[in-house]
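Report on the structure given below.
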Amino acid sequence: MPKIKIAPSILSADFSKINEEIKEVEKLSDLIHVDIMDGIFVPPTTVDANFVKSIKTKVPLDVHLMVHEPSDSYIRGFIDAGAYSITIHEEACKNPLNQINFIKKNKVKAAISIKPKTPLENIKKYLDIVDMVLIMTVEPGWSGQKFIDSTMQKIQELRKLKPKLDIEVDGGINPYTARVAYDAGANVFVAGSYIFGKKDRSKVIKELLSSLK
Ligand code: DX5
Ligand code: ZN
């Protein structure tokens with residue numbers, strides 16, 4: 001099993017003081033998860049590459065593109081903004097290989113994600129190329145939703161196929177659901193409202209970590 005990584009999702013943070021918010025979680029975070037929504041693939045819209053560029057942190061930025069058919073130039077914006085990894089959605093791209101290859105060509109980690117109802121089968125052909133797979137544990141678009149247990153079957157199957165691959169979960173993660181996902185085989189844990197919804201962020205991240213022991 002690869003290393004456990006904690007990735008606070010800033011979707012639930014206060015954007016008006018984003019760098020202060022990130023400072024509070026930096027020490028205990030392996031990645032900072034940044035959700036990009038286009039109003040097409042998912043109804044809401046969020047921040048853009050300029051916002052990502054304004055983030056000042058040494059923690060690698062994990063950019064989750066909930067975006068319909070992101071073009072090379074669109075992706076380039078996030079690469080130039082300092083993304084460490086970029087995740088695209090299988091459902092959002094006609095041929096996800098185009099985006100995966102472009103991301104990798106630019107020496108950024110490439111990941112592919114599937115929504116709760118999308119079968120693992122749809123991404124099996126990319127498993128040898130990507131650096132990470134994101135199994136959504138809620139419908140993408142909003143923070144604060146309830147973790148969907150049935151997504152765990154995909155994680156179990158994926159972990160059997162790829163013992164060393166980073167498998168990320170995103171949506172409804174708290175110490176209890178993180179443990180469920182960890183037992184299924186996930187090792188990268190995104191948490192938004194669970195972390196930024198609380199006052200003492202270090203305390204809640206520590207709680208998350210101790211549930212994985
Ligand atoms: C939802 C986003 C998540 C979101 C998770 O579409 O991809 O990253 O911020 O929020 P919580 O942890 O509150 O479910
Ligand atoms: Zn996300």
Side-chain angles (χ1 to χ4, degrees), residues 5-15 18 21-22 24-25 28-49 51-52 55 59-68 70 75 78 83-92 99 103 109-118 130-152 154-155 166-182 186-199 201 204-205 207-209 211-212:
K5 292 179 193 162
I6 302 291
S9 165
I10 58 168
L11 189 60
S12 305
D14 183 344
F15 282 178
I18 195 62
E21 294 274 83
I22 290 174
E24 284 188 34
V25 299
L28 293 166
S29 304
D30 301 284
L31 298 164
I32 297 292
H33 184 86
V34 188
D35 290 300
I36 309 296
M37 306 187 192
D38 66 350
I40 300 167
F41 180 65
V42 287
T45 50
T46 53
V47 293
D48 58 11
F51 179 86
V52 177
I55 297 175
V59 182
L61 299 178
D62 177 37
V63 175
H64 177 192
L65 295 184
M66 284 161 273
V67 173
H68 175 75
I75 292 172
F78 292 94
Y84 165 80
S85 52
I86 297 180
T87 301
I88 54 143
H89 267 269
E90 185 271 337
E91 306 87 351
Q99 282 88 356
I103 295 165
K109 306 258 181 239
I112 191 156
S113 180
I114 46 175
K115 301 199 280 185
K117 290 190 197 106
T118 305
V130 292
D131 299 290
M132 181 168 80
V133 168
L134 166 54
I135 303 288
M136 287 303 295
T137 42
V138 298
E139 288 298 333
W142 301 270
S143 63
Q145 301 180 81
K146 197 176 165 286
F147 180 86
I148 301 171
D149 292 274
S150 57
T151 57
M152 293 302 102
K154 292 190 276 190
I155 295 178
D166 275 334
I167 302 178
E168 183 175 53
V169 281
D170 181 8
I173 296 297
N174 57 43
Y176 177 76
T177 55
R179 180 72 212 195
V180 171
Y182 174 74
N187 69 298
V188 185
F189 302 89
V190 176
S193 51
Y194 177 72
I195 295 174
F196 287 105
K198 311 271 171 35
K199 263 217 170 100
R201 279 84 190 252
V204 288
I205 298 177
E207 279 167 11
L208 202 57
L209 281 166
S211 75
L212 304 173

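When a ligand or atom number is given, it counts from 1 through the structure's own listing order. All of these numbers come straight from a predicted model, not from anything done at the bench.
The nearest heavy-atom contact from the protein to atom 6 (O) of ligand 1 is Gly141 N, 2.7 Å. Shortest contact from atom 5 (C) of ligand 1 to any protein heavy atom: Asp170 OD1, 3.5 Å. For atom 14 (O) of ligand 1, the nearest protein heavy atom (residue, atom name, distance) is Gly172 N, 2.8 Å. The shortest contact between atom 12 (O) of ligand 1 and any protein heavy atom is with Gly192 N, 2.7 Å. Protein heavy atom closest to atom 1 (C) of ligand 1, with residue, atom name and distance, is Trp142 O, 3.6 Å. When only non-hydrogen protein atoms are considered, atom 13 (O) of ligand 1 lies nearest to Ser193 OG, 2.5 Å. Of all protein heavy atoms, the one closest to atom 2 (C) of ligand 1 is Asp35 OD1, 3.4 Å.
Ion pairing of Arg201 with Glu24 is present here, as a side-chain N (NZ or NE/NH1/NH2) and a carboxylate O approach within less than 4.0 Å. Checked for salt-bridge contact, Lys117 and Glu139 meet the test: a charged N lies under 4.0 Å from a carboxylate O.
Less than 4.0 angstrom separates some heavy atom of Ser9 from each of these atoms of ligand 1: 4 (C), 8 (O), 9 (O). Atoms of ligand 1 found under 4.0 Å from any heavy atom of His33, numbered from 1 in the order shown, are 8 (O). Annotation for ligand 1: atoms under 4.0 Å from non-hydrogen atoms of Pro140 are 6 (O). Listed by number with element, the atoms of ligand 1 under 4.0 angstrom from any heavy atom of Ala191 are 12 (O). The distance from ligand 1 to the heavy atoms of Met66 drops below 4.0 Å at these ligand atoms: 6 (O), 7 (O). Atoms of ligand 1 lying under 4.0 Å from at least one heavy atom of His64, given by number and element, are 7 (O). The Gly171 neighbourhood of ligand 1 comprises atoms 14 (O), with distances under 4.0 Å to a heavy atom of that residue.
One N or O on the side chain of Lys154 and one on the backbone of Pro116 form a donor-acceptor pair closer than 3.5 Å. Panel note: side chain Thr137, backbone Gly171; a donor-acceptor pair is recorded below 3.5 Å. Distance alone, capped at 3.5 Å, is enough to place a donor-acceptor pair between the Glu91 side chain and the Lys115 backbone.
Closest N/O/S atom of Asp35 to the Zn ion (ligand 2): OD1. Of all N/O/S atoms in His64, ND1 sits nearest the Zn ion (ligand 2). Asp170 has its closest N, O or S atom to the Zn ion (ligand 2) at the position named OD2.
Using modelled atom types, one finds no donor on one side chain facing an acceptor on the other under 3.5 Å when comparing Thr46 with Asp35.
Screening Val47, Val34, Ile32 against Ile55 for a side-chain contact (heavy atoms from CB on, under 4.5 Å) leaves a single residue, Val34.
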Candidate pair Asn187 and Asp166, rule side chain to side chain contact (heavy atoms under 4.5 Å, CB included), full reasoning: CA-CA 6 Å; Asn187 69 298; Asp166 275 334; 2.8 Å; yes
Show your reasoning for whether side chain to side chain contact (heavy atoms under 4.5 Å, CB included) applies to Tyr84 and Val59. CA-CA 9 Å; Tyr84 165 80; Val59 182; over 6 Å; no
Report the C-alpha separation of Ile86 and Ile75 in whole Å, then their side-chain angles, then the decisive distance to 0.1 Å, and conclude whether the side chain to side chain contact (heavy atoms under 4.5 Å, CB included) test is met. CA-CA 8 Å; Ile86 297 180; Ile75 292 172; 3.9 Å; yes
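For ligand 1, none of its N or O atoms has an N or O atom of Ser12 under 3.5 Å away. Considering both main-chain and side-chain atoms, Ser143 never comes within under 3.5 Å of ligand 1 through any nitrogen or oxygen pair. An N or O contact shorter than 3.5 Å is missing between Val138 and ligand 1 by distance.
Ring to ring, Phe147 and Tyr176 are not that close: their centroids are 6.0 angstrom or more apart. Aromatic pair His89/His68: ring centres not closer than 6.0 Å.
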